[in-house]
**Q** 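My questions all concern the structure below.
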Amino acid sequence: MLAKVRQILNRMFIGSYVANRVDQVRTVNTKNGIEKQAIFLAISLTADFCLGTVIFSCVQQSGYSPQLLPQAIVNSTESTVENLKLIISWLMQNPAGLKLNSVLSRALGKFFLYHIHLWVTYVYLLIPALIDLLQTLSPVFHFLPLSLQLSILGDMLSVLCVHVFCFYAYARRITYSQINGCIALARLFAGKKYNPLRKRVDSADASLEHLFVGTMVFTILLFLLPTSLTFFLVFYSLRLSAMLGLEIIRRSIWLIQWLPCQS
Amino acid sequence: MENGRKNQWRKVLYENGGFPDNYTPPESFLAAIERNKNLRLYTKRECFQGAAIVGREVSLVITFWSLYVYLSESLINSEQLLVALLLVVTSGYLYHLRNYTYSVLLSGLKTTLFFLTVGFALSPVLFKLTDTISTDTIHTMSVIGLVVHTFTQNYGIHGPLVSKSISLNSAIFSTVCLASRFPTHIMAFSLLCLAVFCFLLVPMWSEVYVPNPLKSLLSALISVCLLARVLPNYAVLAAVFLILVQVICPLLFFHLQSYKQTIHGPWDEASLD
């Protein structure tokens, strides 16, 4: 049960931060060289707190205060949504001169735009509650350790980027099933089929109906493949850039929390 | 050597004849040559019949392409095409009613209905499929598909290139490519019906009938006339090609048979015949 809770917590930055610190404290209690471990942990925690305070004051000096945080969240959400809508509308027309199937690209674009619309409605319902929470927590921000501040930042970023991951998942499923269908029907085109028992390709004795329907569906899937492939590539690159930002934050948190004699 | 006489070499390895084991008399190897063993000479009639099958298939492809051009240039209506196909198919069925049993014809009818339903259901998808791709690319792809269909069609001789599924599938592939050039989906559906007729029903019918060179020449003439109405230059090329395939090539084949010269001998690979 604890492993499951641990797994869920690890998905969020704040949860993984808390779990990591708890682990470190627990290791200190059960290890032999207790003095060295405890000293290192104490040094790490103190450095964390100090760095947090120092960097937060520096940031506050240059003009970003926690009161501006809710407004910043709303602004960044809106700008992400607007940019995504721009990208999808660009894909719905001829992007970069590529000859995409007009019907399918419009259908996919409308589907993704509707998903964004639903998500935006949901977020606009959630934003006031979030703003209240942040307002109550804002005096505490000054004294939080640096890794916790970074994990809060990471969590906010991942909440912003969640629909990029969603779109990537949709596009990947569509493209993957299309490619599989194309490969299987291409085998039927050449008169062969896949034998899962022997894990090889055998010759197929297909009736006329099979051949006819198989060829028509193969041609349809083949010509619709560039469109879904374009959508997939665009969302894959977006997801890669989002993952890059999140990975940077995760690595810096790990660096701050690193203890020299890890078990 | 015994009795003052030279031992005759015999091809028997279990008797020691005083010769080494790998000895062959120098004249016995090359003298065992056989020329033109198992030679099959084709009569003129067989040559022309074989060429008639190929000619019939090529004229069928030319007819299909010319009807596509007619449809796309609105020289004929899609409804007219559908009615004509219906008439031909019905008359063919009624003609064959006397030869075949009822169940065979019923299953043929079921298959045709299945194709029609699937084609009608998929034609709205098909006619928008390659909207944005240029016409030249589409024409090139469908021509390649029809050429592959002609190459892999079964002409009565077994070969490594013959494959029933590849020929049928590439013909359907070219039809689907061409079907997207039409503005309405009923025209795409009529082209699909034409393709089902040409590439599914006609081969089934022609498997039964012995190819007649005169009839295939007649069908070649009809297809060239159909093509000449819209593409006269290509009609001339098609006529030349069909005459080459159906008249000149069999005559050439028949004439060149006398030059056949094959050599067989003990150096051939052993075959388990």
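The basis for the numbers below is simple: all heavy atoms, side chains too, and nothing from hydrogens, waters or symmetry mates. Residue numbers begin at 1 in each chain, while the letters A, B, ... track the order of the sequences. Quick caveat: nothing in here was measured; it's all calculated off a predicted structure.
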**Q** Any side-chain heavy atom of A:F212 within less than 4.5 Å of one from B:L168?
**A**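 No, side chains not in contact.
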**Q** Can you tell me which portion of B:I166 sits under 4.5 Å from chain A's heavy atoms? Options are side chain, backbone, both or neither.
**A**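 When you check distances to chain A, atoms from both the backbone and side chain of B:I166 fall under 4.5 Å.
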**Q** Does a sphere of radius 6.0 Å around OH in B:Y234 hold more than 12 heavy atoms from other residues, nucleotides or ligands, not counting ones at 6.0 Å or beyond?
**A**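 Atom OH in B:Y234 is not packed in, count stays at 12 or less.
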**Q** Around A:F165, counting heavy atoms of other residues, nucleotides and ligands shown, do more than 12 lie under 6.0 Å from its CZ?
**A**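 It does: A:F165 CZ has more than 12 such atoms within range.
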**Q** Looking at B:N169 and A:L211, what are the two nearest heavy atoms and their distance?
**A**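 Answer, listing the atom of B:N169 first, then A:L211: OD1-O, 3.3 Å.
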**Q** A side-chain contact here means heavy atoms from C-beta on lying under 4.5 Å apart; do A:F223 and B:I133 qualify?
**A**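 Result yes, sub-4.5 Å side-chain heavy-atom pair found.
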**Q** Out of A:T219, A:V213, A:I220, which one pairs with B:L122 under the side-chain contact (heavy atoms from CB on, under 4.5 Å) rule?
**A**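 For B:L122, the side-chain contact (heavy atoms from CB on, under 4.5 Å) check succeeds only for A:I220.
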**Q** Give every donor-acceptor pair under 3.5 Å between a side-chain atom in residues 153-162 of chain B and any protein atom, sequence neighbours left out.
**A**
unit_1: B:Q153; atom_1: OE1; unit_2: B:S167; atom_2: OG; d: 3.4
unit_1: B:Q153; atom_1: NE2; unit_2: B:E57; atom_2: OE1; d: 2.9
unit_1: B:Q153; atom_1: NE2; unit_2: B:E57; atom_2: OE2; d: 3.3
unit_1: B:N154; atom_1: OD1; unit_2: B:G156; atom_2: N; d: 3.3
unit_1: B:Y155; atom_1: OH; unit_2: B:T150; atom_2: O; d: 2.7

**Q** If you round to the nearest 0.5 Å, how far is CD1 of B:I172 from CE of A:M216?
**A**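 Going from CE on A:M216 over to CD1 on B:I172, the span is 7.5 Å.
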**Q** Under 4.5 Å, heavy atom to heavy atom, which residues of residues 174-186 of chain B contact chain A?
**A**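 Answer by number: B:V176, B:C177.
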**Q** Specify the closest pair of heavy atoms between A:N101 and B:K128, including all atoms of both residues, with the distance to one decimal.
**A**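 Answer, listing the atom of A:N101 first, then B:K128: OD1-O, 3.1 Å.
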**Q** If you take all heavy atoms of B:S165 and A:G191, which pair is closest and at what distance?
**A**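 Heavy atoms of B:S165 and A:G191 come nearest at OG-CA, 3.4 Å.
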**Q** Look at atom OH of A:Y176 and say whether more than 12 heavy atoms of other residues, nucleotides or ligands are closer to it than 6.0 Å.
**A**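 At most 12 heavy atoms, drawn from other residues, nucleotides or ligands, come within 6.0 Å of this atom.
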**Q** Quick check on A:R251: does its CZ atom have over 12 non-hydrogen neighbours (other residues, nucleotides or ligands) under 6.0 Å away?
**A**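 Open: at most 12 neighbouring heavy atoms sit under 6.0 Å from CZ of A:R251.
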**Q** Report the relative orientation of the aromatic rings in A:F189 and B:F173; use parallel for angles under 30°, tilted for 30 to 60°, perpendicular for over 60°.
**A**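 Perpendicular.
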**Q** Counting only pairs under 3.5 Å, give me each side-chain donor-acceptor contact of residues 111-127 of chain A, with atom names and distances, residues two or more places apart or in other chains.
**A**
unit_1: A:H115; atom_1: ND1; unit_2: A:Y170; atom_2: OH; d: 3.3
unit_1: A:T121; atom_1: OG1; unit_2: A:H117; atom_2: O; d: 2.6
unit_1: A:Y124; atom_1: OH; unit_2: A:E78; atom_2: OE2; d: 3.1

**Q** Is it true that atom CZ of A:R187 has more than 12 heavy atoms of other residues, nucleotides or ligands lying nearer than 6.0 Å?
**A**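 Yes, enclosed.
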**Q** Measure A:L188 against the heavy atoms of chain B and call it side chain, backbone, both or neither at under 4.5 Å.
**A**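 Interface part for A:L188: backbone (N, CA, C, O).
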**Q** Taking side chain as C-beta onward, heavy atoms only, is A:L224 less than 4.5 Å from B:L129?
**A**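 With C-beta onward as the side chain, the pair touches.
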**Q** Side-chain polar contacts of residues 84-91 of chain B - donor-acceptor pairs under 3.5 angstrom, sequence neighbours left out - could you list them?
**A**
unit_1: B:T90; atom_1: OG1; unit_2: B:L86; atom_2: O; d: 2.3
unit_1: B:S91; atom_1: OG; unit_2: B:L87; atom_2: O; d: 3.0
unit_1: B:S91; atom_1: OG; unit_2: B:V88; atom_2: O; d: 2.8

**Q** Heavy-atom cut-off 4.5 Å, strictly under: side chain, backbone, both or neither for B:T152 against chain A?
**A**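 Neither the backbone nor the side chain of B:T152 comes within 4.5 Å of chain A.
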